[in-house]
Amino acid sequence: MGRGGGLTLVEAHDLEASLRHAGVRRGDLLGLAVADDGTAAVAFGDGGRTAPAPGIAAVDETLRPRWVTWSQQTAQRLIADGVRLATGWDVAAVHRLLFGGWRADPGFAWARLHGLAPDDVPAAGLPGPPGQADLFAAASERAAAEHGPDEAAGDALDPIGPDGYLRAEWTRGGWADSPARLLAWARLAREAALLQDAALARQAGADTGVATARCESTAELLCAELAADGLPMDRTAAEQVLAGIIGPRPRGDGEAAAMRSARDSLVLRHAPPGVTADLRSPVQVRSLLAAAGLDLPDTRAWRLEEFRDAHPLVAALLEWRKAERIATTYGYGWLDEVLGADGRLRGAWTSADGAAGRMTASNGLHNMPAAMRRAVIADPGHLFVRADLGQIEPRVLAAVSGDPALATATSADDLYLPVADQLGVDRPTAKVAMIAAMYGQTTGHGGQAGRRMRAAYPVAMGYLDAADRAARAGRDLRTYGGRLVPMAGGPADAARTAARGRYGRNALIQGAAAELFKMWAVTVRARALPLGARVVLCLHDELLVHVPDDRAEQAAGLVGDCLAETAGRWAPGGRVRFVADISVVRCWADAK
DNA sequence: CGGTGAACGTA
DNA sequence: CGTACGTTCACCGA
């Protein structure tokens, strides 16, 4: 080996020394790519090295660079080798910040970054179109024939095609087959990161945008760890919770079917004689209700609720729906599938959804029924620090809008008390008025409380109105932290326009809250590590930290300190106070 | 077989 | 008192 765009590649036994010699310092962007076998390539400036994964860990500890990766997949691969990075720059995560949307694969991100038409990104599907690899080989051979072997090798080491797009052969994963290509992939990630950094710097609020990019990226490292570590769950306790709701675990398919029809009959016995229905079919349930004298447009729970006493069928149906949800989605099958033999519930995590940028999790980690929290129990010798942000949305509104009066209200533990005072209404009315303003009510017109809200908090209300107007007009929005919220045109009847307005104002609040939360989460991740504490769940405004029991109180204090630190960095000026409810518990259900 | 909408869990 | 997401199911059309 030894040729790669003028580079000398060595299996570096002292990666750190090489990097120090090259002048790499704390926080510098270093490209990082890891092959399936654990070989890592590190790109810096004009140089590069390959090294085994432990070398990366050593450098991370001593030099603490900011590792540039194409996606969370690199961190996942390193975690499998026991390597956890402190900070990162995740090209996919920053792409979502800059451009919005879900799609963030390297070929797409590279194209958008260079202003190339996204529709023409070479398809990287696996396996490629028939003969694609052969075509590439044939092209290389042609190049070799026409320009000599060096030119062909140059092509093979260049992920960028003549049209400026990344070659499909590389975006399919073809970079992992040689150290030289691995390094080329790492160098390109670094190049993309530098371009992203420059793009963020051109935006208004450049500092904020770069800070958000770093948090979003490090949140991606946290996501890889959440996926690997899982949420502690006691299998016996979980089965007890299930047994209390849907009965004991069925022995075999026959018993499962019998239990299912037994559940069904609890509803159908209330049906008029001779009438039956498949309760899982909304159409048939609607007919069933009609036969009982209830003619409804749909059978949603909120609509059925007011008819709960009109016919015994309704209450039975609502109960059936709850049990059916547990039985099908969060039942024994779910437990068997997602709860590991080590008592950890695992799913895939993403640091930002396609809309406002909240974290997402699969396998029910974000939407398991609250009753299952009884089974989320810390390991022996461990406890949970559970912390959730209080009234996060109005506090975030105060910060992002810069409304001085609303900022003053945030000094109260219960923000709605001073707001109610200010409006001259009671607390429940004040809360409804605030939430209606933030999310855009569809019923009523806000009334007196709404008008007083405009008078009392004109800056905050103006911020929301501006978001609503821009969204309705189809103009793109950006959150406080710089995330693009695309507002593509499309059909514009009155209902859709109003929905876009609500979406826009909600996205700016929900999105900013997500940014604050993630900054808090990655701060806790970093500061709590020396205590042996690990973040094991992120739930939009709630953190669950798993910690050895003799460090739990210390960790709880630290989580609060991290919020204060985060608030100061995220909303400079210190005018807005953020609060968290923090408790130390053995079981998630024991909190609050 | 893949896509869509209803329904409902969480925030 | 609105938005988001993930999951399962029935249903539709190929």
Side-chain angles (χ1 to χ4, degrees), chain A residues 100-102 231 245 260 277-287 296-305 317-331 333-334 337-338 347-373 376 388-394 396-397 428-447 449-450 464 467-468 471 477 479 483 485 498-514 517 537-544 588:
Chain A
W102 264 115
L231 177 69
I245 301 170
R260 202 170 104 137
D278 179 352
L279 298 176
R280 292 152 195 84
S281 162
V283 175
Q284 292 188 38
V285 168
R286 196 170 159 235
S287 309
L296 303 173
D298 61 61
T299 73
R300 287 186 166 88
W302 64 266
R303 198 185 293 284
L304 290 177
E305 201 57 53
L317 178 62
L318 289 169
E319 285 311 302
W320 178 89
R321 286 245 177 95
K322 275 194 185 313
E324 184 71 4
R325 168 68 47 181
I326 303 280
T328 55
T329 307
Y330 305 105
W334 171 70
E337 184 151 331
V338 303
W349 288 75
T350 65
S351 71
D353 64 32
R358 300 215 294 195
M359 293 173 83
T360 72
S362 70
N363 286 350
L365 280 159
H366 269 177
N367 43 5
M368 78 169 83
M372 292 302 298
R373 294 179 188 187
V376 177
D388 78 300
L389 300 172
Q391 302 169 337
I392 182 60
E393 282 154 338
V396 158
L397 173 60
T429 306
K431 182 174 178 179
V432 167
M434 177 69 76
I435 289 174
M438 284 191 295
Y439 304 147
Q441 62 186 357
T442 54
T443 54
H445 289 80
L464 293 168
D468 196 292
L477 298 169
T479 64
R483 177 178 305 279
V485 181
R500 281 220 302 259
R502 287 195 302 275
Y503 173 82
R505 63 167 69 201
N506 182 271
L508 293 202
I509 301 298
Q510 191 182 98
F517 176 81
L537 190 72
C538 293
L539 197 48
H540 307 311
D541 66 354
E542 182 171 1
L543 274 178
L544 208 55
W588 191 14

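Order of the sequence lines fixes the chain letters, A, B, ..., with proteins taken first and strands second; residue numbering starts at 1 for each chain.
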For the pair made of CZ in A:Arg325 and P in B:dA6, what is the distance, rounded to whole Å? 15 Å
Hey, does A:Met438 reach any base, or is it just sugar-phosphate, or nothing, if we go heavy atoms under 4.0 Å? nothing
Main-chain N/O of A:Asp278 paired to A:Gln284 side chain as donor or acceptor, under 3.5 Å: yes
Once you apply a heavy-atom cut-off of 4.0 Å, does A:Ala507 come out as touching a base, just sugar-phosphate, or nothing? nothing
Side chain of A:Arg358 (C-beta onward), nearest among B:dA11, C:dT7, C:dT3: B:dA11
From CZ of A:Arg483 across to P of C:dT3 the rounded distance in Å is 20 Å
Phosphate OP1/OP2 of C:dT8: any A:Thr329 side-chain N/O under 4.0 Å: no
Result for 5'-nearest mapping on DNA chain C, choosing between A:Gly364 and A:Val432, is A:Val432
Between B:dT10 atom P and A:Asp353 atom CG, what is the distance in whole Å? 19 Å
Quickly work out the A:Trp302 CH2 to C:dG2 P distance and round it to whole Å. 9 Å
Can you tell me how far P of C:dG2 sits from NZ of A:Lys431, to the nearest Å? 15 Å
Considering only heavy side-chain atoms of A:Pro369, the closest of C:dC1, B:dG9, C:dG2 is B:dG9
Nearest to the side chain of A:Asp541, heavy atoms from C-beta on, is which of C:dA4, B:dA11, C:dC1? B:dA11
Touch class at under 4.0 angstrom, heavy-atom based, for A:Ala301 against every strand present: sugar-phosphate
Can you tell me if A:Arg505 uses its side chain to pair, donor with acceptor, with the backbone of A:Asp468 under 3.5 Å? no
Determine the contact category for A:Arg321: base if any of its heavy atoms lies under 4.0 Å from a base atom, sugar-phosphate if only primed atoms, P, OP1 or OP2 are that close, otherwise nothing. sugar-phosphate
Ignoring hydrogens and geometry, is there a side-chain-to-backbone donor-acceptor pair from A:Arg286 to A:Leu296 under 3.5 Å? yes
Just to be sure I understand the rule, does A:Arg373 reach a base, reach only the sugar-phosphate, or reach nothing, if contact means heavy atoms closer than 4.0 Å? sugar-phosphate
Does A:Thr360 reach the main-chain N or O of A:Asp353 with its side chain, forming a donor-acceptor pair under 3.5 Å? no
Separation of C:dC1 P from A:Leu464 CG (nearest whole Å): 15 Å
Is the shortest side-chain N/O distance from A:Thr299 to OP1 or OP2 of B:dA7 below 4.0 Å? yes
Using 30° and 60° as the class limits, which term best fits the ring planes of A:Trp349 and A:His366: parallel, tilted or perpendicular? perpendicular
Run through A:Asp388, A:Ile392, A:Leu543, A:Val396 and flag the one making a side chain to side chain contact (heavy atoms under 4.5 Å, CB included) with A:Phe517. A:Leu543
How does protein contact run along nucleotides 9-14 of chain C, one letter per nucleotide 5' to 3', with B for base contact, S for sugar-phosphate only, - for none, heavy atoms under 4.0 Å? SSS---
Interatomic distance where NE2 belongs to A:His540 and P belongs to C:dC5 [whole Å]: 10 Å
So, the side chain of A:Trp334 versus the backbone of A:Ala327: is there a donor-acceptor pair under 3.5 Å, distance only? no
Please report the interatomic distance CD1(A:Ile245) to CZ(A:Arg325), rounded to the nearest 0.5 Å. 13.0 Å
Between A:Arg502 and C:dT3, is there a side-chain N or O to OP1/OP2 distance below 4.0 Å? yes
Distance, rounded to the nearest Å, where A:Leu365 contributes CG and C:dG6 contributes C1': 11 Å
Side-chain N or O of A:Arg300 less than 4.0 angstrom from OP1 or OP2 on B:dA7? yes
Checking contacts here: which listed nucleotide (B:dT10, C:dT3, C:dC5) is nearest the side-chain heavy atoms of A:Ala370? B:dT10
